[in-house]
Amino acid sequence: MGRPPLNVKPTLVRLTQSVLDRIEAVAGKNQRAAFIREAVDRELDRREAAQSDTDKPE
């Protein structure tokens, strides 16, 4: 039995080696994809919240 599908689409992201090293240092070995996915989710939430705040009528 294999693991269930993650329902994700691979996307190429270009990062410098120093950024990759920093990610590995804080997230741990073999945790790069999870770290980037979580960072993108947090930033999307932040920007969507900021956008909805500016869309509200005063």
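Throughout, numbering of the chain's residues begins at 1 and tracks the sequence.
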Task: same_hphob_cluster(V8, I36) at 4.5 Å side-chain heavy-atom cutoff - done: no
Open item on the list: Taking V13 as the starting point, is it possible to reach F35 by hopping between hydrophobic residues whose side chains are less than 4.5 Å apart?
Closed with: yes
Open item on the list: Once rounded to the nearest 0.5 Å, what's the spacing between atom CD of E24 and atom CZ of R32?
Closed with: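 Atom-to-atom, E24:CD and R32:CZ are 6.5 Å apart.
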TODO: Applying side-chain contact (heavy atoms from CB on, under 4.5 Å) between D45 and each of R47, R42, E48, report the one that passes.
DONE: E48
